[in-house]
Amino acid sequence: MALRFFNTYSRELEQFEPRDPAARKIGIYTCGPTVYSRAHIGNFRAYIFEDLLQRHLELRGYKVHRVMNITDVDDKTIRGAREAEVPLAKFTAQFKEAFFEDIETLRIKRADGFPAATDQRYIERMIEMIGALVSRGLAYQADDKSVYFRINKFPDYGKLAHFDLTQLQSTGRVKHDEYDKEHIGDFALWKAWDEEDANVKWDSPWGPGRPGWHIECSAMSTALLGDQIDIHCGGVDNIFPHHEAEIAQSEGVTGKKFVRYWLHCAHLLVDGQKMAKSLGNFYTVPDILGKGYTGNEIRYALMRVHYRAPLNFTWEGMKEARESLARIDEWLARLRERSASVSPAKNKGKQAGSMPYTFEEALDDDLNISAALGFLFESIRETNRAMDENKLDAASASAWLDWWKRINTVLDLEMEAEVAVPPEVVQLAKDRKSARREKNWKRSDELRGKISTLGWEVRDTKDGQKLTPRT
RNA sequence: GGCGGGGUAGCCAAGUGGUAAGGUCGCGGUCUGCAAAACCGCUAUUCGCGGGUUCGAUUCCCGCCCCCGCCUCCA
């Protein structure tokens, strides 16, 4: 099946055709964090979705070049720096660092570039683009000295969000201090300096100030990926106004179609409501690690629901993630043991040449992860049954391991490297082994209890005791 | 009010015009000294509600209800 994605622009599932099919190179731009505080797991749901997208495209043989911006100047970062009484760059540095720590914990592939809005190169490019827009009559400087985009001059404005501009109403979320604009929907390209901004300012043809939020993405995406990009992602809350504005700015400057496919991820909910800093109902990665869960488990919990469906975060869901991953790891351990065994030459690895491709076919269909995981778990049950019945030979087992290796380039869910068993646990297990030889069950159970309190679980298999860390 | 997304078993969730994947939880069984893991069986006559089309709809059409989000700087 050909790859297809739901394009927000058309609101339809569309077959994926990159700009340059022959080269199999794809440019993806993803909106990154605003570094005014630690990102929460709702933000990371979007980044995990983008990670899944990239990895699946790579599995399908595309060479992905992905860029993720870092917004390190805006109202919130400036306010934060002012309150902390430190320079802006110092204030944002800590959250940049935290962000990179968290994506590593969650095994999110690093983008090929993480451009920052305050980088002089991009500031210059933003000024250049704003200049071009002004000269074309698509932007104007208002009496408040800020420069705004004139949306009435860009007929396509509103097409991505499917908004009728005459219907735009203010929700009252933003203060009406913008009387200088020609149209309520005009958005800032360049924000004139005011004293709240302290020493955060850059010179421009329109006086000192700083870039508006939207222009940074237009500048950095076109700088790093060219005038036209294949895929642009973000959370649904970015559709309007952010991505709408990006289209207007970029196409206003280049005159070319900016993005071929717009993919947007639904929100992470908590208690049925959007997880958001402003609501105070959010968890960070360290919050969840602090409850004893691993990055791996968080990754699974955030990945297992289709990206366009809202996902409700619950501790029950975390537990389920843990159990599901344990099932996978258990299966892998069995396969490894089996593949290493010298098996009788009877029944040759039947599956070796015909491993199922349904996993990636499911992902081809707008990243249908639930169906893909369904196939994985069905395969697990079937191979486990075969192993129970002693019908899976070493060759087949290693074929399944190779299969896993392939799909795991997308999932990246395998347990962290085996933890070494501590010596005291080894000793207790030894004691238990001799107790069991004497059929001293009472002593055996006591020792199992002790091992358990040390964080390890002991199981009796037909090959003797097996120790696994208790999570 | 406008524009989207979602409403399938206790919970999470896939899916198709022909009689409901998978995960998790619970129960029963096999295995085990007992467990654990694994496997087997059971757990939605039913897919928000009401109409319509059809031999047949959860799946198509119409209307309605509920939840969540966006409507100017929130992934």
Side-chain angles (χ1 to χ4, degrees), chain A residues 6 8 11 30-34 39-50 71 74-76 151 158 161-171 173-174 178 181 184-188 191 212-214 233-242 244-245 264-269 272-279 300-301 304-306 308-312 314 316-317 319-324 326-327 330-331 333-334 362 368-382 384-389 436 439-442 444-445 448 452 457-462 466 468:
Chain A
F6 187 86
T8 307
R11 312 277 170 174
T30 51
C31 285
T34 300
H40 57 69
I41 56 169
N43 303 119
F44 286 110
R45 181 196 187 186
Y47 307 145
I48 285 176
F49 142 64
E50 289 152 3
T71 300
D74 79 321
D75 291 354
K76 280 179 273 196
I151 61 167
H162 293 210
F163 279 169
D164 176 357
L165 296 178
T166 61
Q167 297 283 310
L168 270 190
Q169 320 183 335
S170 173
T171 51
R173 205 170 75 180
V174 161
E178 297 171 337
K181 295 195 290 186
I184 187 180
D186 289 351
F187 56 88
K191 300 182 87 156
W213 175 38
H214 315 303
C233 307
V236 285
D237 51 357
N238 275 158
I239 296 171
F240 193 90
H242 186 55
E244 199 73 71
H264 290 97
C265 173
H267 280 129
L268 183 67
L269 310 179
Q273 280 210 307
K274 172 181 166 181
M275 181 175 287
K277 300 232 176 94
S278 53
L279 295 169
Y300 183 86
R304 64 197 234 277
V305 172
H306 188 265
R308 279 190 294 117
L311 164 57
N312 201 15
T314 60
E316 198 182 344
K319 180 89 168 53
E320 182 185 327
R322 163 165 297 175
E323 295 306 324
S324 304
R327 185 167 165 80
E330 203 66 58
W331 173 67
R334 268 187 98 174
N368 190 341
I369 187 69
S370 303
L373 291 172
F375 289 123
L376 169 63
F377 284 106
E378 274 179 51
S379 303
I380 289 177
R381 180 160 35 75
E382 282 164 23
N384 272 334
R385 187 198 299 139
M387 285 190 276
D388 277 359
E389 293 169 354
R436 294 180 64 73
K439 297 207 189 298
N440 185 347
W441 307 128
K442 188 161 172 280
S444 168
D445 292 347
R448 181 166 60 195
S452 171
E457 182 175 290
V458 61
R459 285 186 207 148
D460 301 306
T461 71
K462 55 179 181 299
K466 269 186 68 180
T468 47

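Below, chains carry the letters A, B, ... as their sequence lines are ordered, and counting in each starts from 1.
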* Under-4.0 Å salt bridge between A:Arg448 and A:Asp445 ->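 Counted as a salt bridge, because a side-chain N and a carboxylate O are separated by less than 4.0 Å.
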* Asked: Are A:Glu323 and A:Lys319 ion-paired here, with the side-chain N under 4.0 Å from a carboxylate O?
  ->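 Salt bridge between A:Glu323 and A:Lys319, a charged N being under 4.0 Å from a carboxylate O: yes.
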Can you tell me if the side-chain N/O atoms of [X] get under 4.0 Å from OP1 or OP2 in [N]?
| X | N | value |
| --- | --- | --- |
| A:Arg381 | B:G22 | yes |
| A:Lys274 | B:C70 | yes |
| A:Arg327 | B:C39 | yes |

Which part of the nucleic acid, if any, lies within contact of [X], taking any heavy atom under 4.0 Å across all strands shown: a base, the sugar-phosphate backbone alone, or nothing?
| X | value |
| --- | --- |
| A:His242 | nothing |
| A:His214 | nothing |
| A:Lys277 | nothing |
| A:Ser444 | base |
| A:Met275 | base |
| A:Phe187 | base |
| A:Gly317 | nothing |
| A:Ala161 | sugar-phosphate |
| A:Leu269 | sugar-phosphate |

Suppose you measure atom [atom1] in [N] against the same atom in [M]; what distance do you get, rounded to whole Å?
| N | M | atom1 | value |
| --- | --- | --- | --- |
| B:A44 | B:G4 | C1' | 30 Å |
| B:A9 | B:U58 | C1' | 14 Å |
| B:A21 | B:U59 | C1' | 15 Å |
| B:C12 | B:C74 | P | 30 Å |
| B:G29 | B:C66 | C1' | 42 Å |

Kindly indicate whether the side chain of [X] and the base of [N] share any N or O donor-acceptor pair separated by less than 3.5 Å?
| X | N | result |
| --- | --- | --- |
| A:Glu320 | B:G23 | yes |
| A:Lys76 | B:C73 | no |
| A:Glu378 | B:G23 | no |
| A:Arg436 | B:G33 | yes |
| A:Arg448 | B:C34 | yes |
| A:Asp460 | B:C34 | yes |
| A:Lys191 | B:C73 | yes |

* Nearest-nucleotide 5' precedence on RNA chain B, A:Leu268 against A:Gly374 ->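 Counting from the 5' end, the first nearest nucleotide belongs to A:Gly374.
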* When the nearest nucleotide of RNA chain B is assigned to A:His40 and to A:Ala309 on a heavy-atom basis, which residue is associated with the more 5' position? ->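 Comparing both residues, the 5'-ward one is A:Ala309.
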What heavy-atom pair brings [X] and [Y] nearest, and what distance separates the two atoms?
| X | Y | answer |
| --- | --- | --- |
| A:His306 | A:Ser370 | N-OG, 4.3 Å |
| A:Phe49 | A:Cys233 | CE2-CB, 4.1 Å |
| A:Ala362 | A:Ala371 | CB-CB, 3.9 Å |
| A:Ala161 | A:Glu244 | N-OE1, 2.8 Å |

Nearest to the [X] side chain among [options], which nucleotide is it?
| X | options | result |
| --- | --- | --- |
| A:Phe163 | B:G23, B:G2, B:C68 | B:G2 |
| A:Glu316 | B:A14, B:C11, B:C73 | B:C11 |
| A:Tyr300 | B:G23, B:C39, B:A14 | B:G23 |
| A:Arg304 | B:C12, B:C73, B:G10 | B:C12 |

Rounded to the nearest angstrom, tell me the gap between atom [atom1] in [X] and atom [atom2] in [N].
| X | N | atom1 | atom2 | answer |
| --- | --- | --- | --- | --- |
| A:His264 | B:C3 | NE2 | P | 19 Å |
| A:Asn368 | B:U16 | CG | P | 9 Å |
| A:Phe375 | B:A13 | CZ | C1' | 14 Å |

* Asked: For the side chain to side chain contact (heavy atoms under 4.5 Å, CB included) test, which of A:Leu268, A:Asn312, A:Leu311 pairs with A:Val305?
  ->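 Passing option: A:Leu311.
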* To do: Answer yes or no for this row: A:Trp441 ring on B:G33 base, centroids under 5.5 Å, planes under 30°.
  =>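 Yes.
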